[in-house]
There are 2 protein chains.
Amino acid sequence: MEDQFIKAAGLIGDATRAAIMWTLLDGRAFTATELSIAANTSPQNISMHLAKLLEANLLCVEKQGRHKYYRFSSREVAYVVEAMANLIPKPEIFSQKKNENYPPVKYCRTCYDHLAGKIGVALADSLLKQKIIIENGNTFEISTEGEKWFSDFGINLEEAQKQKRIFLKPCLDWSERRYHISGSIGTLLLNKMLEQDWIRRTANSRAIIITGKGEKEMLKSFKIVV
Amino acid sequence: MEDQFIKAAGLIGDATRAAIMWTLLDGRAFTATELSIAANTSPQNISMHLAKLLEANLLCVEKQGRHKYYRFSSREVAYVVEAMANLIPKPEIFSQKKNENYPPVKYCRTCYDHLAGKIGVALADSLLKQKIIIENGNTFEISTEGEKWFSDFGINLEEAQKQKRIFLKPCLDWSERRYHISGSIGTLLLNKMLEQDWIRRTANSRAIIITGKGEKEMLKSFKIVV
DNA sequence: AGAATACTTCATTCTATATTTAACTATGAA
DNA sequence: TTCATAGTTAAATATAGAATGAAGTATTCT
């Protein structure tokens with residue numbers, strides 16, 4: 001028990017491997033080469049480290065042609081990295097601005113592969129309030145009206161249900177400490193919003209930005225003032 | 001941002017320091033010597049490592065005579081260690097037993113310094129159900145009837161309120177993924193139950209066991225079947 | 001006061017393992 | 001079919017930083 005804990009801690013503890021984990025935190029899958037660039041080291045070295053992380057089951061790979069895509073093997077791994085990221089004192093981006101003007105872009109984070117942060121939580125709240133999803137014990141379920149809503153939003157629920165991974169699941173966000181939506185539905189919502197340019201990923205950070213269009217549309221669809 | 005993350009990961013990543021964190025996970029404060037025994041290394045070495053953990057604000061100390069008591073500096077630190085502990089595959093203690101007989105002791109864990117695990121969650125549920133505590137946004141509050149209940153249970157609320165630390169706060173348990181009670185009230189409840197021999201700490205593990213007396217009393221006070 | 005305990009500091013030694021160098025396989029592009 | 005790209009493996013090297021040894025301070029016990 002203890003030795004397994006120490007082993008896991010040591011695996012994440014190395015600087016290069018920590019850089020890998022940090023990069024993977026935004027939920028996307030990265031190739032070995034991309035990770036070597038992100039971690040600022042050689043391909044051979046990254047390959048060695050990835051092998052160790054795979055061996056320990058912290059990551060998993062998917063081969064596509066000559067590329068290999070690495071991602072967290074489980075939600076639990078992402079939690080560890082998130083919890084660690086939360087040790088870092090927050091920069092308080094908003095408090096710097098003293099005037100009432102909304103900043104042009106606002107930040108949220110992607111947690112593993114679904115929306116988290118303030119937006120993710122507000123989104124979950126809104127869907128619950130509108131009875132599009134309903135809480136049932138420990139899980140979220142989609143109501144009959146909700147099914148129509150998702151279809152209007154351009155999300156094919158049948159398709160989502162076919163996927164192996166959990167369909168709809170509350171997931172705790174570390175910064176807000178409240179549940180937001182994860183599972184395949186969470187990913188689909190995130191992708192749809194990216195597709196429609198409501199939100200954009202940033203190049204080298206885990207933050208995503210909300211566009212002007214997104215601001216308007218979110219107010220309209222979710223009654224969220226971002 | 002990234003370098004701070006890597007630094008934090010590296011701090012926990014060393015074997016000796018990981019052993020320290022693992023030991024501290026049960027919420028008690030330990031002296032340097034105790035930690036050196038737990039981590040199986042020399043006092044000088046543990047001193048060096050503790051200095052690093054202090055410097056990085058992961059731990060804090062309290063001096064009492066010639067002893068120094070070390071503990072996690074914040075809840076966030078405990079979360080990291082808990083999340084890591086959750087990477088370890090669970091032994092499935094119950095599934096080994098095929099018959100319907102309850103095992104003589106049942107395990108729960110102490111999270112930082114309050115009750116967690118199945119018991120902690122069930123306890124929180126029960127207190128909520130009995131309206132002893134009530135949910136209010138993100139916090140728990142004690143109702144008027146609740147005040148009487150706590151006093152009957154032998155917990156002095158005035159005393160608890162005097163303490164600096166947060167009085168009553170929901171805290172997410174990693175294994176159950178539901179809120180249980182933390183804060184000074186959580187600690188007081190835990191201590192009271194230890195005192196009355198409802199539960200006992202085990203020597204070298206983070207598990208605590210429920211006594212026969214505890215089983216009966218919990219059913220009576222909290223309507224929990226353990 | 002003197003001895004024992006708890007803990008720290010610093011200079012030195014040591015060692016685990018990260019990185020590099022070099023050579024290799026597999027896939028895709030020209 | 002040749003070249004370039006993506007990734008791996010293995011042996012050699014380098015080095016950060018963990019552990020040790022020796023000597024110190026502060027506190028408590030008798």
Could I get the full list of side-chain hydrogen bond (donor to acceptor under 3.5 Å, both in side chains) partners for [X], not counting sequence neighbours?
{"X": "B/Asn40", "answer": "none"}
{"X": "A/Thr41", "answer": "A/Asn45"}
{"X": "A/Thr31", "answer": "A/Glu34"}
{"X": "B/Ser42", "answer": "B/Gln44"}

Handout entry: Boundaries of the chain A footprint along DNA chain C (any atom under 4.0 Å from a heavy atom)
Key =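 Range of nucleotides touched by chain A: C/dA18 to C/dG28.
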
Taking side-chain contact (heavy atoms from CB on, under 4.5 Å) as the definition, give me every residue that meets it alongside [X], ordered by chain and number, with sequence neighbours left out.
{"X": "A/Leu54", "result": "A/Leu59, A/Val61, A/Tyr70"}
{"X": "B/Ala19", "result": "A/Glu2, A/Ile6, B/Ala39"}
{"X": "B/Glu55", "result": "none"}

Problem - B/S/- contact track for nucleotides 17-30 of chain D, protein heavy atom under 4.0 Å - result: -SBBBB----BS--

